[in-house]
Peer 1: 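Provided herewith is a single structure, encoded as structure tokens, for subsequent inquiry.
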Amino acid sequence: MSAGPVTARSPRGGAGDRLVRAMAEHGPLCVGIDPHPGLLRDWGLADDADGARTFGLRVVEAAAGAAAVVKPQVALFERHGAAGLAALEQVLTAAADAGLELIADAKRGDIGSTMAAYADAWLREGSPLAADWVTLSPYLGFGSLDPALNLAAETGRGAFVLALTSNPEGASVQHVGGPEASVARGIVAAARELNERLREPGPEGAGGWELAGPCGLVIGATVGASLSRLGIDLADFPGPILAPGYGAQGATEEDLARVFAGTDRRLVVSSSRAILRHGPEVAALRREILGTNRRLAAGLAPS
Ligand SMILES: O=c1ccn([C@@H]2O[C@H](COP(=O)(O)O)[C@@H](O)[C@H]2O)c(=O)[nH]1
């Protein structure tokens, strides 16, 4: 397991570059795989691990070739215990086989030694739960994430670090410090510094990136004017930005265009329930995914 400051390099190339290229081909939508109890019921599925597996596999089938990215919400598989995690493994494998970029929304964060074990689970080559990206919580200190960020860089994977989340309660922690020195601003600065450090290939020519670094940010599409109030400029952030909050949480294409102006091809727009309520038919889900990608492309096009 990797430890210490992030220096590792992967011969596999950069996760950020792969993600940006996949979105250039298919659009910015990241389809959430959130098997909520109510959705399972609406889809005629049991609220158990089998139901979550069938649900996840249908979303993968609908997204294959229609979207660049899927994001399984780990908690909604975890709630079914060991069988739920086995279901998640099958969904992850199916998504990888379908050529989809995969973000495991696990929001892990702990002291460094435990963080190394989380990294091993979500980012190690050959791990049953390995994804292309994992979401991480930096609220034990950005440096506590080093084992995961190191393993990501070593294996050509990436991490999205929570900076300004889409829920209203997030501000009570993330805005602390005010316009000059907010917690969120510190996280954005640390992620920026890491991506800059990893920009050039290592001494043996491995690693490096061109379009986006491997350390992304989670910034809610619902944050309104918070970015400018906190002096955070994402236009030149050198990594991908995962934006939840579009759709079911109320953010619109206009909000996305306003909040994320200048982020261009690095913006990953996450939507779960607003897409998933169109199930259970794969064809209907696919139509909604394609339609959402079209609306996003039109709404985010530079004017
Ligand atoms: O700040 C955050 C971080 C993560 N999420 C997750 O994204 C989806 C959103 O689901 P919707 O149905 O599109 O609202 C969900 O898995 C959250 O856990 C977030 O919403 N906000």
Side-chain angles (χ1 to χ4, degrees), residues 2-25 28 30 68-69 71 101-109 115 118-119 122-125 130-138 141-164 184-219 227 232-244 259-270:
S2 309
V6 181
T7 53
R9 297 289 204 278
S10 160
R12 190 177 166 219
D17 288 354
R18 280 200 312 278
L19 182 59
V20 170
R21 290 196 175 105
M23 291 194 296
E25 188 176 347
C30 165
V69 203
K71 180 177 78 62
E101 285 286 313
L102 253 171
I103 304 172
D105 195 352
K107 298 191 184 66
R108 296 306 194 238
M115 200 60 227
Y118 281 135
W122 296 102
L123 298 165
R124 177 177 49 82
E125 197 63 49
D132 299 300
W133 298 81
V134 65
T135 55
L136 300 178
S137 170
F142 192 91
S144 69
L145 305 179
D146 279 353
L149 296 170
N150 226 325
L151 192 56
E154 192 180 310
T155 61
R157 294 185 164 82
F160 284 98
V161 178
L162 302 180
L164 274 179
R185 190 166 162 170
I187 289 160
V188 175
R192 176 190 299 276
E193 191 275 326
L194 173 60
N195 283 330
E196 295 297 2
R197 192 145 41 86
L198 295 172
R199 191 189 284 261
E200 297 305 322
E204 263 99 63
W209 56 267
E210 208 182 311
L211 306 171
C215 187
L217 297 171
V218 177
I219 309 266
L227 285 170
I232 298 172
D233 183 6
L234 294 178
D236 63 348
F237 177 74
I241 294 156
L242 177 64
V259 172
F260 299 106
T263 57
D264 300 329
R265 298 170 303 169
R266 290 168 291 113
L267 185 64
V268 188
V269 181
S270 165

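For this chain, numbers begin at 1 and follow the sequence in order.
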Peer 1: Any chance you could measure T135, atom OG1, to L217, atom CG, to the nearest 0.5 Å?
Peer 2: 12.5 Å
Peer 1: So, for A163 and A184, which heavy atoms are closest and what is the spacing to 0.1 Å?
Peer 2: O-CB, 3.6 Å
Peer 1: Tell me, please, which residues at least two apart from R185 pass side-chain hydrogen bond (donor to acceptor under 3.5 Å, both in side chains).
Peer 2: none
Peer 1: At their closest point, which heavy atom of L198 faces which heavy atom of A153, and how far apart are they?
Peer 2: CD1-CB, 4.2 Å
Peer 1: CG/L227 to CG/L164 distance, rounded to the nearest 0.5 angstrom?
Peer 2: 5.5 Å
Peer 1: Tell me if a side-chain donor or acceptor on N195 pairs with a main-chain N or O of C215 at a distance below 3.5 Å.
Peer 2: yes
Peer 1: Mind checking side-chain hydrogen bond (donor to acceptor under 3.5 Å, both in side chains) for S270 and listing every partner two or more places apart, or none if nothing turns up?
Peer 2: none
Peer 1: Working to the nearest 0.5 Å, report the span between CH2 of W209 and CD of E196.
Peer 2: 5.5 Å
Peer 1: Kindly determine whether M115 and S144 satisfy side chain to side chain contact (heavy atoms under 4.5 Å, CB included), including the steps that lead there.
Peer 2: CA-CA 7 Å; M115 200 60 227; S144 69; 5.6 Å; no
Peer 1: Does a salt bridge link D105 with K107, judged by any charged N lying under 4.0 Å from a carboxylate O?
Peer 2: yes
Peer 1: Looking at every heavy atom in both F142 and V161, which two are closest together, and how far apart are they?
Peer 2: CE1-CG1, 4.0 Å
Peer 1: CG/L162 to CG/L242 distance, rounded to the nearest 0.5 angstrom?
Peer 2: 9.0 Å
Peer 1: Any donor-acceptor pair under 3.5 Å linking the side chain of R18 with the backbone of G156?
Peer 2: yes
Peer 1: Short question: side chain of R266, backbone of F237 - any donor-acceptor pair under 3.5 Å?
Peer 2: yes
Peer 1: Donor-acceptor check, side chain of R157 to backbone of L123, threshold 3.5 angstrom: yes or no?
Peer 2: yes
Peer 1: Apply side chain to side chain contact (heavy atoms under 4.5 Å, CB included) to residues L19 and D132 and explain how you reach the verdict.
Peer 2: CA-CA 9 Å; L19 182 59; D132 299 300; over 6 Å; no
Peer 1: Using a 6.0 Å cut-off, check whether atom CZ of R192 has over 12 heavy atoms from anything other than its own residue.
Peer 2: yes
Peer 1: Any sub-3.5 Å donor-acceptor pair from R199's side-chain atoms to G213's backbone N or O?
Peer 2: no
Peer 1: Give the minimum heavy-atom separation between A159 and W133, together with the two atoms involved.
Peer 2: N-CE3, 3.3 Å
Peer 1: Run the side chain to side chain contact (heavy atoms under 4.5 Å, CB included) check on T155 and R124 step by step: do they pass?
Peer 2: CA-CA 7 Å; T155 61; R124 177 177 49 82; 5.9 Å; no
Peer 1: Of all heavy-atom pairs between A119 and L151, which one has the smallest distance, and what is that distance?
Peer 2: O-CD2, 3.5 Å
Peer 1: Looking only at non-hydrogen atoms, find the nearest pair between L267 and M23 and report the distance.
Peer 2: O-SD, 3.5 Å
Peer 1: Which distance, rounded to the nearest 0.5 Å, do you find between the CG of N150 and the CG of L194?
Peer 2: 9.0 Å
Peer 1: Hey, is E101 close enough to R21 for a salt bridge, meaning N to O under 4.0 Å?
Peer 2: no
Peer 1: Which value, rounded to the nearest 0.5 Å, describes the distance between L136 atom CG and W122 atom CH2?
Peer 2: 11.5 Å
